[in-house]
Amino acid sequence: MHPDIEAYLNGALQGEALKQFEDALARDPALREEVELLRPLLRDLRRANIARRVATAERNHADKRRVRRNLVILLCGLLLGLAGIWWLWKPGQEVAPPSLQSPDNQLQQHSAPTLDTPFQAQADTSSGSQDNGEDKKRQAKNEDKKRLFAAVFKPYKDAALEPGDRGSGDISAFEQFHIFYWEGQYQEALDVFESLQPFEKPVGNTLFIKANCLLALGRADEATALLEKINRDKSSRFGAEVEWYLALSYLSSGQISKTRTILQTLANTPGSARYRDAASLLKELD
Amino acid sequence: MDTAAIEYLMDKTGRVVRQMVRTAGQPPSLASDLLHDGLIILIEKVCDGTFDAAKSSPQTYLAGICRKLLSNHSRLRQPLLTEPVENGQELPSEDFQDFLKHKDRLELIELLLEQLGPPGNDLIRLKYLEGYSDEEQISQQMTPYATLNSLKTSRSYYLKKLAAMAQNWKKEYHAP
């Protein structure tokens, strides 16, 4: 094989060498045949070389695209993660979860709780619970006094107050007042009381009955005022009974010290109408 | 043209080629095949000096080649081989058809080189597929040959043998 065929087909022959080879090619049919035999092979080899380089470039390019795509995915994931964190603990939120708080922050919150912190709520709850306890005790005491009052109180009745047989004749308001009282119709008795003659109302005996009606209806304060007046004026026939019912009205309205004072007076007066009752009630109160 | 330059062209032209494949209603995988073949044609043109960079940029020229390859693939009756790529620079019809005609021969060359065996296939690979010059091969002692003449003579012998094998293969299988 001619040593310059390869160089000629690769374009490497120049100048005089190229001219000499072209002259030989024109003269020698065997050389031409050899050149035509190798021409397609060298063309294919050059193309194969280019195809190899392109394949290498394609691999590199694919690797770079893969890296770039992974970076984009990573960046998107990072952004999504940051957005998620921001959404979970956005600036407007009052308290961060303990796991994310620095120890300093936790210390600050512990040492100086604000009005809205659980500590204040706890304090409020504890003071509230104390108040509730006292209220409960107070309520329990009131309940005891009411039970005691209910057990002891009986509207005053004696034979003189019992309505007699009046036949079919007209009944005066004064009589009706006493009838309602005797029959336990205390509100009706109070209603009729308002229609009494002006001179009948301020009478001590009548006011005593009215005070009993008020006590029976649970209107202790009004009853107390009436009984204090009767007791002060000594204007009724009921004597120690007025003091007894005044003590009961104090008991009903929660004025225990006044109740004790009156009861002790009665208990210290042997032979008085309510001597035993007063002593017994004092024991109950103690 | 080194691989970095080829990657640059792929990066710049890849999107355009994918777009034209999508527009033509062809499968997306066709884009990479078109780009591969287009790059080979372009590099051949650059290597043999027939590409004129003053008339069009390499990426524009590559896009034009890929468009023609796509038209051929789609069997569209377009004036493929006379269509100017851009700025009047045309792709010669004979080069385009030659590439398509001999495209399958690249795989054949690899097969025949395997059949040729050492040391002939090594000599040919180093020169034509790896791209080492004769001087590099001697200085780096890539082959058992110590002089340029002995290297060239030996390689010429094996090239002729390989060409004969290719001709026999063509006769046997009626390949182009």
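Numbered from 1 within each chain, the chains take letters A, B, ... in sequence-line order. What you see below is based on every heavy atom in this structure, not just the backbone, and it leaves out hydrogens, waters and symmetry mates.
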**Item:** CD1-CD distance between Ile6(B) and Glu58(A), expressed to the nearest 0.5 angstrom
**Value:** 9.0 Å
**Prompt:** For the residue pair Ala163(B) and Leu41(A), what are the closest heavy atoms and their distance?
**Reply:** N-CD2, 3.6 Å
**Prompt:** Rounded to the nearest 0.5 Å, how far does OG1 of Thr3(B) lie from CZ of Arg52(A)?
**Reply:** 13.5 Å
**Request:** Can you spot which of Leu45(A), Ile5(A), Leu37(A) makes a side-chain contact (heavy atoms from CB on, under 4.5 Å) with Leu159(B)?
**Result:** Leu45(A)
**Flag if over 12 foreign heavy atoms under 6.0 Å of OH, Tyr132(B)** = no
**Heavy atoms of other groups near Glu33(A) CD, more than 12 under 6.0 Å** = no
**Item:** Exceeds 12 heavy-atom contacts within 6.0 angstrom, atom CD of Gln141(B)
**Value:** no
**Request:** Any chance you could measure Arg53(A), atom CZ, to Leu129(B), atom CG, to the nearest 0.5 Å?
**Result:** 11.5 Å
**Asked** Side chain, backbone, both or neither: which part of Ile124(B) has a heavy atom under 4.5 Å from chain A?
**Response** side chain
**Message:** Measuring from atom OG of Ser32(B) to atom NE2 of His61(A), what distance do you get when rounded to the nearest 0.5 angstrom?
**Reply:** 11.5 Å
**Item:** Contact class of Asn149(B) relative to chain A, heavy atoms under 4.5 angstrom
**Value:** neither
**Message:** Between the side chains of Lys152(B) and Glu6(A), is the shortest nitrogen-to-carboxylate-oxygen separation below 4.0 Å, so that they form an ion pair?
**Reply:** no
**Request:** Heavy atoms only: give me the nearest Ile40(B)-Arg47(A) pair and the separation to one decimal.
**Result:** CG2-CG, 3.8 Å
**Asked** Is a side-chain donor-acceptor pair under 3.5 Å present for Tyr128(B) with Asn10(A)?
**Response** yes
**Prompt:** In terms of heavy-atom contacts, does CZ of Arg32(A) have more than 12 from other residues, nucleotides or ligands at under 6.0 Å?
**Reply:** yes
**Fill in**
The reported gap from NZ in Lys64(A) to CE in Met10(B) (rounded to nearest 0.5 angstrom) is 10.5 Å
**Message:** A side-chain contact here means heavy atoms from C-beta on lying under 4.5 Å apart; do Arg46(A) and Glu44(B) qualify?
**Reply:** no
